[in-house]
> 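First the structure, then my questions, so here it is.
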Amino acid sequence: MKQIKMQIVALIDPLREMADQFAVLDLLQLLRGQYESVDTIRICSVATTIRECLGYVVKFSQFSKLSQTFGNICQYKKPSLPPHTSAAAAPAAPTRSKQELEDPNNSFNMGGTDEKTMEEENKQMEAPKMAPFDLNDFTIIKEGEAEILMHAKNEVFYNKTQVNNRDMSIAVLRTFISKYKQEHEALSSKRMKTGPKASDASSIEAEAAMDSTTHNEKSNDACNVSEKISQVEASCILEKQASNQDGKCHGELKQPRVLEALSASGLRALRYAREVDGIGQVVALDNDKVSVEACRRNIKFNGSVACSKVESHLADARVYMLTHPKEFEVVDLDPYGSPSVFLDSAVQSVVDGGMMMCTATDMAVLCGGNGEVCYSKYGSYPLRGKYCHEMALRILLACIESHANRYKRYIVPVLSVQMDFYVRVFVRIYSSASAMKNTPLKLSYVYQCIGCDSFHLQPIGRTVSKNTSTRYLPGFGPLVPQECSDCGKKYNMGGPIWSAPIHDQEWVTSILADVKSMKDRYPAYDRISAVLTTISEELPDVPLFLSLHNLCATLKCTSPSAVIFRSAVINAGYRISGTHVNPLGLKTNAPMDVIWDIMRCWVKTHPVKAQPPDQAGSVILAKDPVLQASFARAVASLSKAQAKKVARYPLNPERHWGPKLRAGRKITSKHMSLLGPEAMNGINNHEEGEEPPTKQRTISC
């Protein structure tokens with residue numbers, strides 16, 4: 001046994017630099033015998049895990065010696081333990097005698113393994129053992145149709161404010177399942193006409209795999225891996241393709257599987273399972289043992305529906321997604337902070353046409369507070385302007401697109417929102433090497449004047465079409481001179497950002513209609529309906545926005561009403577709308593020289609005091625307007641929602657509506673601004689041994 005372990009270590013050590021460190025370190029510790037319970041079963045699990053975790057980073061030819069050492073062990077598909085599960089948390093392996101291990105007729109021998117029996121045995125070994133608990137020690141929190149048990153201490157993260165996030169996700173998920181079924185039905189009807197050709201092609205491909213005895217290049221959309229396909233694997237491919245064809249011929253569609261990569265208490269996964277019709281399995285992951293225990297406790301507390309649909313695992317989300325490529329129709333990322341470390345594995349775990357939901361709460365970084373940190377995490381440099389929150393959305397989309405492009409995939413945003421203290425994007429992921437070439441056309445750099453806040457976008461790429469061919473070329477530049485043509489100041493440059501549409505208006509309309517039809521099932525109906533209403537009226541093809549107050553602050557003039565300014569832009573022949581990000585923001589396709597001409601005409605009728613000549617406002621007003629603006633009231637100066645007096649920017653429902661402490665941190669008096677004095681009093685009373693006033697009380701969100 002020691003000799004086998006040393007051989008594996010000798011093979012894996014040189015590959016450290018080629019592989020992801022987080023996937024290798026625990027494996028090396030396990031193989032070196034730092035854990036006491038290393039036996040043949042554990043070694044077998046580790047061998048399988050090595051193939052799964054490292055097969056995407058190194059070529060399988062590196063493991064030829066490993067295969068010779070183990071014989072057929074590496075082809076044995078026994079479910080493996082999560083790489084970050086310690087020996088103490090791992091189930092104890094059954095002891096076997098030396099005669100049983102060496103007996104060729106024994107069921108443990110790889111040649112005669114009964115996989116079904118081993119899977120059942122493994123499930124029994126990994127069955128969670130719930131520690132007994134007293135309901136009197138917990139508070140029952142109800143949100144939607146789900147209920148969770150929360151301890152008075154800050155052991156597992158929960159934030160009531162995120163009810164907006166969860167409600168919006170449920171609304172999008174319902175629309176996705178509906179559209180996913182429609183797309184499948186349309187594809188099935190199309191395949192019925194061309195079914196025989198597709199089945200023949202599949203059988204030919206499987207036969208070719210069966211006869212192959214050389215190394216074939218096989219793409220898994222994560223990276224290209226050179227692997228020698230064995231007869232066993234080829235027969236598995238044949239069986240899988242045959243079953244898929246049978247399912248397609250009958251028009252069957254499996255219920256969408258959802259992966260919640262960072263589950264904490266499991267509230268989001270429970271709401272998905274209980275409230276979304278047509279949803280399949282929901283897998284909830286967390287790398288914290290206390291959180292997994294709390295999630296499993298909440299699953300049992302929510303009854304048979306939750307127990308049948310939701311399963312919780314203690315695992316590193318990055319490793320789990322890497323080892324389950326293209327297995328989930330929906331992947332939900334809602335981390336505490338930045339999601340950047342999870343994006344590479346998440347884009348690989350989504351099926352073609354599936355959806356990824358992603359939240360980022362590190363707004364100080366994304367909005368320009370730490371530009372160098374943002375560049376290191378997301379690959380874009382932010383700018384500090386009134387549009388910084390929308391720029392944060394577009395930086396996150398550009399980052400996801402960058403990760404997807406590495407595996408010949410691309411994204412299609414359907415909804416992107418900024419609410420409360422975070423941004424949340426919903427994108428569909430597809431695989432296409434040809435469509436991926438359009439990515440440079442969707443990205444732009446931003447030039448922002450430091451004097452007058454004028455901004456301009458520089459596309460990264462362009463296309464030239466001739467007959468039926470299309471060439472992809474670099475974008476023309478520079479777009480702007482060294483000094484601003486309006487005020488003479490310098491430019492700051494940021495980006496690249498996603499400059500293509502960030503919403504699909506058809507999706508937004510469907511989501512809004514669904515929300516209105518089931519308003520009683522959304523605890524945060526007022527907020528999400530207001531956000532969706534505002535998004536439905538945004539100009540989809542206009543990146544970033546202007547701030548009317550900023551324009552007036554530059555000129556030191558009184559501000560016109562939004563209706564008057566909108567009317568002037570519309571009368572000049574351009575489009576204008578509001579934005580869900582900022583109540584004072586205005587999106588328009590009018591160029592900046594037109595905007596400043598309108599403001600010059602406004603200042604003529606509303607004079608300002610004399611300013612120093614070197615000020616940006618003085619330089620702008622010194623020029624005569626080329627365009628004579630008309631401030632007559634335009635018909636479209638008010639949106640439909642404004643005309644009907646629909647609430648678009650509702651106030652927070654209560655005080656201290658914002659981010660909360662990370663789980664595990666000790667709550668002290670300095671956190672009163674986040675939690676509020678009432679919550680602090682309850683925590684202090686609990687620590688002193690008194691019964692907190694909220695114990696055994698149901699809280700409705």
> Report the C-alpha separation of Met419 and Val531 in whole Å, then their side-chain angles, then the decisive distance to 0.1 Å, and conclude whether the side-chain contact (heavy atoms from CB on, under 4.5 Å) test is met.
CA-CA 8 Å; Met419 293 191 299; Val531 171; 3.9 Å; yes
> Between His503 (side chain only) and Ile535 (backbone N and O only), is there a donor and an acceptor less than 3.5 Å apart?
no
> Looking at Leu322, is its backbone amide N or carbonyl O close enough to the side chain of Ser345 to form a donor-acceptor pair, meaning the two atoms are under 3.5 Å apart?
no
> Under 3.5 Å, is there a donor-acceptor pair between the side chain of Glu538 and the main chain of Thr534?
no
> For Thr323 and Pro325, which heavy atoms make the closest approach, and how far apart are they?
C-CD, 3.4 Å
> What's the shortest heavy-atom distance between Val351 and Tyr180, and which atoms?
CG2-OH, 4.0 Å
> Would you check if there is a donor-acceptor pair between the side chains of Asn405 and Thr439 at a distance under 3.5 Å?
yes
> For the ring pair Tyr387 and Phe455, is the centre-to-centre distance below 6.0 Å?
yes
> Under the side-chain hydrogen bond (donor to acceptor under 3.5 Å, both in side chains) rule, collect the residues that match up with Tyr378, sequence neighbours excluded.
Ser338, Asp362
> For Tyr574 and Pro591, work out which heavy atoms get closest and say how close.
CE2-CD, 3.7 Å
> Once you round to the nearest 0.5 Å, how far does CG of Leu479 lie from CE of Met493?
12.0 Å
> Can you measure from CG (Leu512) to CG (Leu532) and round to the nearest 0.5 angstrom?
5.5 Å
> Looking at Asp286 and Leu262, would you say the former's side chain and the latter's main chain have a donor-acceptor pair under 3.5 Å?
no
> Between Asp332 and Tyr272, does the side chain to side chain donor-acceptor pair (under 3.5 Å) criterion hold? Intermediate values first, please.
CA-CA 11 Å; Asp332 192 331; Tyr272 287 166; 2.5 Å; yes
> Rounded to the nearest 0.5 Å, what's the gap from CE on Met592 to CG on Asp597? Could you check?
11.0 Å
> Is any side-chain heavy atom of Tyr491 closer than 4.5 Å to a side-chain heavy atom of Ile450?
no
> Would you indicate whether the side-chain heavy atoms of Ile497 and Val446 approach each other to under 4.5 Å?
yes
> Around atom CZ of Arg462, are there more than 12 heavy atoms from other residues, nucleotides or ligands closer than 6.0 Å?
yes
> Return yes when atom OH of Tyr375 has more than 12 non-hydrogen atoms of other residues, nucleotides or ligands closer than 6.0 Å, and no otherwise.
no
> Side-chain atoms of residues 389-399: list all donor-acceptor pairs with protein atoms under 3.5 Å, sequence neighbours left out, distances to 0.1 Å.
| unit_1 | atom_1 | unit_2 | atom_2 | d |
| --- | --- | --- | --- | --- |
| Glu390 | OE1 | Lys587 | NZ | 3.1 |
| Glu390 | OE2 | Arg394 | NE | 3.0 |
| Glu390 | OE2 | Arg394 | NH2 | 3.1 |
| Glu390 | OE2 | Leu544 | N | 2.8 |
| Glu390 | OE2 | Lys587 | NZ | 2.8 |
| Arg394 | NH1 | Trp498 | O | 2.7 |
| Arg394 | NH1 | Ala500 | O | 3.0 |

> Mark yes or no for whether Gln458, through its side chain, and Ser444, through its backbone, hold a donor-acceptor pair below 3.5 Å.
no
> Taking Ser263 for its side chain and Leu285 for its backbone only, find out whether a donor-acceptor pair lies under 3.5 Å.
yes
> Between the main-chain N or O of Gly494 and the side-chain N or O of Gln448, is there a donor-acceptor pair closer than 3.5 Å?
no
> Within the 4.5 Å heavy-atom criterion, are Gln348 and Met321 side-chain neighbours or not?
no
> For the backbone of Arg174 and the side chain of Ser178, can you confirm whether one donor and one acceptor N or O come within less than 3.5 Å of each other?
no
> Between side-chain atoms of residues 162-169 and protein atoms elsewhere (two or more places apart, or another chain), which donor-acceptor pairs fall under 3.5 Å?
| unit_1 | atom_1 | unit_2 | atom_2 | d |
| --- | --- | --- | --- | --- |
| Asn164 | ND2 | Asp420 | OD2 | 2.9 |
| Asn165 | OD1 | Ser169 | OG | 3.4 |
| Asn165 | OD1 | Arg268 | NH1 | 3.1 |
| Asn165 | OD1 | Arg424 | NE | 3.2 |
| Asn165 | ND2 | Thr359 | OG1 | 3.3 |
| Arg166 | NE | Glu143 | OE2 | 2.5 |
| Arg166 | NH2 | Glu143 | OE1 | 3.0 |
| Arg166 | NH2 | Asn159 | O | 3.1 |
| Asp167 | OD1 | Arg271 | NH1 | 2.8 |
| Asp167 | OD1 | Arg271 | NH2 | 2.7 |
| Asp167 | OD2 | Ala524 | N | 2.7 |
| Ser169 | OG | Asn165 | O | 2.8 |
| Ser169 | OG | Arg268 | NH1 | 3.4 |
| Ser169 | OG | Arg424 | NE | 3.4 |
| Ser169 | OG | Arg424 | NH2 | 2.7 |

> Start with the C-alpha distance between Met599 and Cys552, add both sets of side-chain angles, then the distance that settles side-chain contact (heavy atoms from CB on, under 4.5 Å), and finish with yes or no.
CA-CA 8 Å; Met599 294 305 299; Cys552 296; 3.8 Å; yes
> State the SG-CZ distance between Cys358 and Phe426, to the nearest 0.5 angstrom.
10.0 Å
> Could you give all pairs that pass the side chain to side chain donor-acceptor pair (under 3.5 Å) test and reach residues 559-572, with sequence neighbours left out?
none
> Do Phe545 and Val581 come within less than 4.5 Å of each other through their side chains, counting heavy atoms only?
yes
> Sequence neighbours left out, what pairs pass side chain to side chain donor-acceptor pair (under 3.5 Å) with at least one residue falling in residues 468-487?
Asn438-Tyr472
> Can you name the nearest heavy-atom pair linking Lys437 to Pro440, along with the distance?
O-CD, 3.2 Å
> With sequence neighbours left out, which residue pairs that include part of residues 615-641 fulfil the side chain to side chain donor-acceptor pair (under 3.5 Å) condition?
Glu537-Ser639, Arg633-Ser637, Ser639-Gln642
> Would you please test Thr554 and Ile620 for side-chain contact (heavy atoms from CB on, under 4.5 Å) and show each step?
CA-CA 9 Å; Thr554 301; Ile620 293 172; 4.3 Å; yes
> Can you find a pair of side-chain heavy atoms, one from Arg575 and one from Asp541, that are under 4.5 Å apart?
yes
> Could you tell me whether the side chain of Ser349 and the main chain of His324 form a donor-acceptor pair under 3.5 Å?
yes
> Look up atom OG in Ser454 and atom NE2 in His456, then write down how far apart they are to the nearest 0.5 Å.
5.5 Å
> Of the non-hydrogen atoms in Cys557 and Trp602, which two are nearest, and what is the gap between them?
SG-CD1, 4.4 Å
> So among Met355, Met356, Glu401, which one has a side-chain contact (heavy atoms from CB on, under 4.5 Å) with Ile411?
Glu401
> Whether the side chain of Thr361 engages the backbone of Tyr336 through a donor-acceptor N/O pair (distance < 3.5 Å, no angle test) should be reported.
no
> Could you check whether any side-chain heavy atom of Phe176 comes within less than 4.5 Å of a side-chain heavy atom of Arg428, counting everything from C-beta outward?
yes
> Calculate, to the nearest 0.5 Å, the distance between atoms CG and CD belonging to Leu366 and Gln418 respectively.
11.0 Å
> Within the structure provided, determine whether Leu415 and Val425 are in side-chain contact (heavy-atom separation under 4.5 Å).
no
> List the steps, then state whether side-chain contact (heavy atoms from CB on, under 4.5 Å) holds for Val414 with Val427.
CA-CA 6 Å; Val414 297; Val427 300; over 6 Å; no
> Could you tell me if the side chain of Leu333 sits less than 4.5 Å from the side chain of Leu343, heavy atoms only?
yes
